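Have a look at the structure below, then the notes.
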Amino acid sequence: MYCIKCGEKTSLVYNKSEGLVPYCKNCGEYRFPQFATAVSMVVTNRQKNKILLAKHVDSEDYILFAGYVKKGETAEKAVTREFKEETKLNTVKFKFMSSRYHEPKNVLMLNFLSVAEDGEPVIDREEIAEVKWFDFDQALEAIKKDSTAEAFLKVAITELKNNKF
């Protein structure tokens, strides 16, 4: 890891309150790792008995709707903006569920359970190849296995089955 201010290679130094932290000897400061933040949405219909999944272009796997939080934007705003951009549908209601660090993309994923307005999704075919409504069991079968999306989906379905949303 390199210092974000001067570019010097950092080394791990023990910090009594934080443990091992990258440290820049040139600047004389600790440099905590930086990563992007994104939202992920388990989208359900108003009846809360279906899950909408997306398949991106050049991918065979169904995943959740997701997108990066823009600078100055709240996670809540990103939820409604990203879903609208990807489907042209509004989000009627949403609730924060959990978070998880997604190492392959160095991103903190903030997962929300959300309800989509009624209507047919209109997708940008350059980004998304397909969207499809699934019942709970079908969604669990279709989602990319051993993925962050699958972990979020399992929690959301439990929440929906227990009528906690």
Side-chain angles (χ1 to χ4, degrees), residues 1-2 4-5 22 31-165:
M1 184 170 160
Y2 294 88
I4 60 168
K5 297 247 175 153
R31 298 292 183 218
F32 290 88
Q34 294 186 340
F35 48 85
T37 305
V39 293
S40 168
M41 292 81 70
V42 176
V43 177
T44 186
N45 60 347
R46 284 184 185 259
Q47 295 77 30
K48 300 179 187 164
N49 63 357
K50 300 278 184 188
I51 303 289
L52 186 64
L53 298 178
K55 189 185 285 189
H56 282 228
V57 173
D58 300 327
S59 177
E60 292 300 314
D61 297 308
Y62 282 99
I63 60 172
L64 302 176
F65 290 90
Y68 288 99
V69 178
K70 294 180 179 180
K71 184 177 179 178
E73 182 178 53
T74 66
E76 294 82 1
K77 177 65 179 163
V79 165
T80 57
R81 177 188 51 78
E82 279 291 336
F83 187 64
K84 179 96 174 183
E85 285 176 5
E86 294 186 3
T87 65
K88 306 297 184 250
L89 294 175
N90 289 311
T91 300
V92 181
K93 173 182 173 183
F94 62 86
K95 158 182 162 174
F96 175 75
M97 296 292 293
S98 62
S99 62
R100 183 173 175 174
Y101 176 70
H102 185 68
E103 189 170 8
K105 293 195 175 184
N106 190 35
V107 64
L108 176 64
M109 299 295 296
L110 307 175
N111 183 248
F112 291 80
L113 178 54
S114 63
V115 176
E117 72 179 337
D118 292 334
E120 284 301 311
V122 177
I123 57 175
D124 176 357
R125 296 260 179 219
E126 290 184 23
E127 182 180 356
I128 298 176
E130 179 184 351
V131 295
K132 186 174 176 184
W133 288 103
F134 294 91
D135 68 29
F136 296 159
D137 291 336
Q138 291 170 331
L140 287 169
E141 185 61 34
I143 199 79
K144 184 177 180 178
K145 300 299 176 240
D146 300 317
S147 65
T148 299
E150 181 185 45
F152 286 150
L153 180 62
K154 286 178 178 179
V155 172
I157 288 175
T158 299
E159 189 90 355
L160 289 164
K161 284 182 175 180
N162 292 327
N163 295 314
K164 293 188 176 184
F165 178 63

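Predicted model only: the values in this text are computed from it and were never measured. Counting begins at 1 with the first residue of the sequence.
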**Study point:** Neighbour count above 12 (heavy atom, 6.0 Å) for Tyr2 OH
**Key:** no
Point to revise | Working for ring pair (Phe, Tyr, Trp, His ring centres under 6.0 Å), residues Phe94 and Phe83 | key: CA-CA 11 Å; Phe94 62 86; Phe83 187 64; over 10 Å; no
Practice item. Rounded to the nearest 0.5 Å, what's the gap from CZ on Phe112 to CD on Glu76? Could you check? Key: 5.0 Å
Review point. Got a sec: does the CD of Gln47 have more than 12 other heavy atoms crowding it under 6.0 Å?
Key: yes
Review point. Can you find a pair of side-chain heavy atoms, one from Lys48 and one from Lys93, that are under 4.5 Å apart?
Key: yes
Study note, to complete from the structure: CD (Gln34) and CG (Leu108) are apart, to the nearest 0.5 Å, by 13.5 Å
Practice item. List the atom of Glu73, the atom of Ala78, and the distance in Å for their closest heavy-atom pair. Key: OE1-CB, 3.5 Å
Practice item. Grab the two heavy atoms, one from Val69 and one from Ala75, that are nearest each other, plus how far apart they are. Key: CG2-CA, 4.3 Å
Review point. Is any side-chain heavy atom of Arg100 less than 4.5 Å from a side-chain heavy atom of Phe152?
Key: yes
Point to revise | Flag, side chain of Lys95 to backbone of Lys164, donor-acceptor distance under 3.5 Å | key: yes
Check your understanding: Is there side-chain contact between Leu113 and Glu159, with at least one heavy-atom pair below 4.5 Å?
Key -> yes
Check your understanding: Are side-chain heavy atoms of Lys70 and Arg81 found at a separation under 4.5 Å?
Key -> yes
**Study point:** Non-hydrogen side-chain atoms of Glu150 and Lys144 separated by less than 4.5 Å
**Key:** no
Check your understanding: Given side chains that start at C-beta, do those of Asn90 and Lys84 come closer than 4.5 Å, heavy atoms only?
Key -> yes
Check your understanding: Are the side chains of Asn106 and Tyr101 in touch, meaning some heavy atoms are under 4.5 Å apart?
Key -> yes
Study note, to complete from the structure: Here the gap from Arg46 atom CZ to Glu117 atom CD, rounded to the nearest 0.5 Å, amounts to 7.5 Å
Exercise for review: Assess whether atom CD of Glu130 is packed by more than 12 heavy atoms of other residues, nucleotides or ligands within 6.0 Å.
Suggested key: yes
Review point. For the side-chain contact (heavy atoms from CB on, under 4.5 Å) test, which of Val43, Ile63, Leu64, Asp61 pairs with Leu53?
Key: Leu64
Revision key, fill the gap. Taken to the nearest 0.5 Å, the spacing of Leu110 CG from Met97 CE works out to 13.0 Å
Point to revise | Spatial distance of atom NZ (Lys55) from atom CD1 (Ile128) [nearest 0.5 Å] | key: 12.5 Å
Revision key, fill the gap. Nearest heavy-atom contact between Met41 and Ala66 is CE-N, 4.1 Å
Practice item. Evaluate the side-chain contact (heavy atoms from CB on, under 4.5 Å) criterion for residues Phe65 and Val131: first the C-alpha distance (whole Å), next the side-chain angles of each, then the deciding distance (0.1 Å), finally the verdict. Key: CA-CA 10 Å; Phe65 290 90; Val131 295; 3.7 Å; yes
Practice item. For a side-chain contact (heavy atoms from CB on, under 4.5 Å) with Leu52, tell me which candidate from Phe134, Trp133, Tyr62 qualifies. Key: Trp133
Revision key, fill the gap. Taking every heavy atom of Ile51 against every heavy atom of Ala139, the minimum-distance pair comes out as CB-CB, 4.0 Å
Revision key, fill the gap. When rounded to the nearest 0.5 Å, the distance separating OG1 of Thr148 from CE of Met109 is 7.0 Å
Review point. Going by atom types alone, do Ser40 and Asn111 pair a side-chain donor with an acceptor below 3.5 Å?
Key: yes
Practice item. Answer yes or no: is there a side-chain heavy-atom contact under 4.5 Å between Lys154 and Leu140? Key: yes
